[in-house]
Structure formats: C-alpha cells, structure tokens
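What follows is a single structure, written as structure tokens, with notes after it.
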Protein chains: 2
Amino acid sequence: MTWRDPTGRTLADYPHPSVAVDVALLTVADDRLCVLLHEGRALPGTFLRIEETLRDAALRVLREKAGVSGEEPRQLAVFDDPARDDRGRVLSVAHVDLVPADRLTGALTPVDALPPLAFDHAAIVDAAVAWARAAHRDRPDPRGLLDEEFTLLELQRLHEAVHGGPLPKDAFRRRMQEHLIDTGTLSRGTVGKPARVFRRAPQETP
Amino acid sequence: MTWRDPTGRTLADYPHPSVAVDVALLTVADDRLCVLLHEGRALPGTFLRIEETLRDAALRVLREKAGVSGEEPRQLAVFDDPARDDRGRVLSVAHVDLVPADRLTGALTPVDALPPLAFDHAAIVDAAVAWARAAHRDRPDPRGLLDEEFTLLELQRLHEAVHGGPLPKDAFRRRMQEHLIDTGTLSRGTVGKPARVFRRAPQETP
DNA sequence: CCAATAGTGTCTGTAAGACAGTATTTC
DNA sequence: GAAATACTGTCTTACAGACACTATTGG
C-alpha cells in the first residue's frame, strides 16, 4: 500500500533532486598522501540507486572505478549548491576512504599538488584530508596502510605523509608505543641498528 | 537545454529517493540541555524542495516549527536506512542548531530523558549532542546562549548543562579567561562576592 | 558573625618538545 | 672504524586537576 499525503499524492509526485555519491579515495604512495582522480579532474562518483544505501553506492564506486572491494567508506558531508552540476539539481554525498596503494588501480595525485577539479570536488578533497589527519592523530594506523608488522620508522613515515610535514621523533614514539605490541623480533637487512618490529594493538574502527 | 545521457534520458527519468531535512534544535533550559520535539516523539523536519538548498530547508523548518529565524543550522550526516521511513525511500539529512531558550516556541525535552523517538531520530539527537559538546570544548559560548555580558558562574552553568555533568571550577576559569574580555563592571544584587562581568572575545563561527 | 559566592596560589602529575648521549648494525 | 639508524634519559615548559586559602558581599 503506497502512502499518500492529504491531497492524495504519493512521494513520487513531487520533484526530487538527484543524489550522487562521490568518493575521495586516499592512499599513501611514495610517502605522499594522494587521491584517486578520474580523468585527471574529478573524483569517482555515481548516482544513488533507489534501492541502495549510500554505503553500497560508495562501495560500488570503489569497486568499479578503483578496483578495490571490502572497504569502509565514510560519509563526510552533503554538497548541495544548486549550481554545482549543470545537468540538473544534484546533491552529492561526499565520502572518503583510505586504502593501501597496492590495492587500487587508477591515477593518483598528491593532495598538495591538485589540478583544478570539477564541480566542488576540491572542497571534498579538503574534507577528506582533514578526516584522514584526524583519524591518525591518536591512532597508529587506523586503516591498516602498513603491513601487519612494521617498525616505528615506517609508522612515522606514514604519519608524516598523512600529516604533510615532519613530526618530532621522540614524542611520536612515546605517544605511539602504548598503542602497539612489541613482537620481539627485529628488522633485518637495513643499514643501522635493527629496529624492533611492532603490531597494531586491537583497535576500534574509526 | 536539458542534459541527456547516452540513451537519451534526462536525470528525471531515473527514480530518485526523496530527501528530507530533520533538525535537532537544541537549547539550554533550567540548566539542562534540551531538544525540541514535535508531537513528543519526532524531530521537526520537511522534504527538501527541488530548488532549495539544505540550509534553506532547515531554516524553513526552524521558522515554521520552532518560530525562530536567522539561525545557523549545521549539517550532521545523512541517514539512509532503506527501511527508516515506511512512506518510501527517504534520505534524511540531519541538522543541528543551538539557540537561546527564550527565542523558540515548542515542547522541550531534556536530552538525557528522551522518550522513544520516531524513525532514527534518537541517533540524530546523539549526533547533535556530540556536536554541541565539541563546539563548547574550547569556546566560551559559541552560539550566544548567554547575554552579551555574563559572569564566569553563568558561563560554567551553561557548560555544565551542555556537558551533562560538573566541571572543575578553577581549571574551567583559567581555560576560559583567555577567550573573554573583562568589562570592568561587577555583578550586583546576588548573594556573595560580586563577580566580574565578561564579554565574549571576537569569535569565528563554529 | 554566618552563609555564600568570587577569585588566587600552590602542589602534583602528565605529556610534549628539545637535546644529548648510548647502542648496534652495515659497509 | 665510519656512517647510519635505533633507542633512552633528562631538562624545561605547559597545563589540568586537586586543594586550600583569602576576599567581598547580603543577611
């Protein structure tokens, strides 16, 4: 039974905006925080299907346009400038995700060297970067960008890439150690004193 | 000229979800953080009109259902459970606002004593409360709930209402004083030593 | 004087930044 | 042994929480 309002019309009788889902897919490549761009100037996106959740639409974008699956897209905000898309009234629900570089395919651009982007996608990338930085503020590796086991230097390089600048070494180590488990093994084959190898302590999803 | 996709269809030829805007309008009354409820069990809301921004829709809700105007609704998140509304596929873009109690009309309920709410409105209230607490963490009175001039005790009572519990007095005063301007005048007519009266230092919109 | 509130001074613990020093590997 | 990296100890500063004390009003 379809719902009808007091004048007998259903929801479908009112004009609705289209709802798009755009995803800022971040990764760290060559020690730099990068975003995946489609045709060099836009974030991958799609229109939300009527029976689909936003999360499912974002996963579909990731699967079809970046070749990754099983991720955890996170909602950022709705962008709703009436003039943002000249095809009509389109709301964009912006999402962010962060995955290891070796699991995705596509063109990566460092977030500190973006070309002019289509629509309002530059603002979406800004919000995505802010989210990634906040997620790393108090956690070692919230999205598992490193391998299961890693040294503190590798972890610091990840944080410096996300943060976009150098971090004080000793304070960083002290802050992180409480969230890490020492595996007891040592790194091998590098120049210098071998580093201790750590694992992530059990973490909640950010 | 209407945009058409490769098969000649316009955006309107695809089924679209409806987009609703729900607003958790918070205030502080009797030293408690409260939310305005419609019919005792739902947040005020409306459907987004095709030509309207989310912000304008939220302002319209506030004007028509709470009697306040000129506010600053803030987007929280999109709630999109396909089963959240049995009238059809309805996305809700949740908003929050925070205004002085004497400027609104409607039924207020303390947020720590909510009845069961319709749809997923309890989750929206949770997000709204979290936003209000974060907004007050490092700012004296981000939404101007107090008068132009106030004492530190009045400010602390506001923070304790938002925070939902007592705050240490001396640390609170020390943290806040740097964001306040001493007017030089003293409170009058109260029991006890007269308190200094402060104004907010110029602040950025949260 | 008493009750009540305002405001200050001090101690302690924690954490960050800075800096220096020691340890252990490769070459 | 030299270079490079890993780690540790200590000093300073800042700030929060706790506590106690003084100050100033109305009754």
Side-chain angles (χ1 to χ4, degrees), chain A residues 28 30-31 133-142 146-201 203, chain B residues 28 30-31 133-142 146-201 203:
Chain A
V28 173
D30 292 331
D31 289 335
R133 288 181 180 158
H136 282 79
R137 191 107 50 210
D138 290 308
R139 261 176 286 253
D141 183 16
L146 301 175
D147 297 335
E148 275 301 301
E149 305 196 331
F150 48 85
T151 67
L152 275 171
L153 179 61
E154 291 167 328
L155 183 61
Q156 184 166 355
R157 275 210 246 271
L158 165 64
H159 276 247
E160 289 179 338
V162 171
H163 178 261
L167 292 169
K169 173 176 154 183
D170 35 16
F172 177 79
R173 299 169 82 93
R174 273 184 298 229
R175 231 178 329 117
M176 286 300 155
Q177 289 221 31
E178 62 180 309
H179 303 294
L180 299 176
I181 295 168
D182 190 337
T183 63
T185 59
L186 294 176
S187 66
R188 299 281 305 265
T190 63
V191 144
K193 177 175 173 176
R196 299 205 307 242
V197 174
F198 295 88
R199 274 186 297 118
R200 284 175 282 278
Q203 55 182 324
Chain B
V28 173
D30 292 331
D31 290 334
R133 288 180 179 160
H136 283 78
R137 191 108 48 211
D138 290 309
R139 262 177 286 256
D141 183 16
L146 300 176
D147 297 334
E148 276 301 299
E149 305 195 332
F150 49 83
T151 66
L152 276 171
L153 179 60
E154 291 167 329
L155 183 61
Q156 184 167 354
R157 276 212 245 269
L158 166 64
H159 276 248
E160 290 179 338
V162 172
H163 178 262
L167 293 169
K169 172 178 153 181
D170 36 15
F172 177 80
R173 300 170 81 95
R174 274 185 298 233
R175 234 180 324 120
M176 286 301 154
Q177 290 222 29
E178 63 181 308
H179 303 295
L180 298 176
I181 296 169
D182 191 337
T183 63
T185 59
L186 295 177
S187 66
R188 298 280 304 265
T190 63
V191 144
K193 178 175 173 177
R196 298 205 309 243
V197 174
F198 295 87
R199 275 184 298 118
R200 286 175 280 278
Q203 56 180 324

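Quick caveat: nothing in here was measured; it's all calculated off a predicted structure.
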Fill in the blank from the handout: Between CZ of A:F198 and P of D:dA6 the distance, given in whole Å, is 11 Å

Problem - A:Q177 side, atom CD; A:R196 side, atom CZ - distance, nearest 0.5 Å - result: 5.5 Å

Handout entry: From CG (A:D141) to CZ (A:R200), nearest 0.5 Å
Key = 4.5 Å

Practice task
Take A:L158 and A:H136 through the side-chain contact (heavy atoms from CB on, under 4.5 Å) test and state the conclusion after the steps.
Solution key: CA-CA 9 Å; A:L158 165 64; A:H136 282 79; 4.3 Å; yes

Handout entry: Minimum heavy-atom distance A:M176-A:R139, with the two atoms named
Key = CE-O, 3.8 Å

Exercise for the section: Can you measure from CG (A:L167) to NZ (A:K169) and round to the nearest 0.5 angstrom? Expected result: 13.0 Å

Handout entry: Nucleic acid contacts of residues 159-183 of chain B, taken as heavy-atom distances under 4.0 Å to DNA chain D
Key = B:P168, B:D170, B:A171, B:R174, B:R175

Handout entry: Closest non-hydrogen atom pair, A:F150 against A:R199
Key = CZ-C, 4.3 Å

Exercise for the section: Let me have a per-nucleotide readout for nucleotides 22-27 of chain C, 5' to 3', with B, S or -, counting only protein heavy atoms under 4.0 Å. Expected result: -BBBS-

Completion exercise
Regarding the side chain of A:L153, the nearest nucleotide among C:dA6, D:dT5, C:dG7 is D:dT5

Problem - Straight-line distance of A:F172 CZ to A:L155 CG, nearest 0.5 Å - result: 4.0 Å

Handout entry: Approximate separation, where rounding is to 0.5 Å, of B:L180 CG and B:L152 CG
Key = 6.0 Å

Practice task
Calculate the interatomic distance between A:R137 atom CZ and C:dA16 atom C1'; express it in whole Å.
Solution key: 15 Å

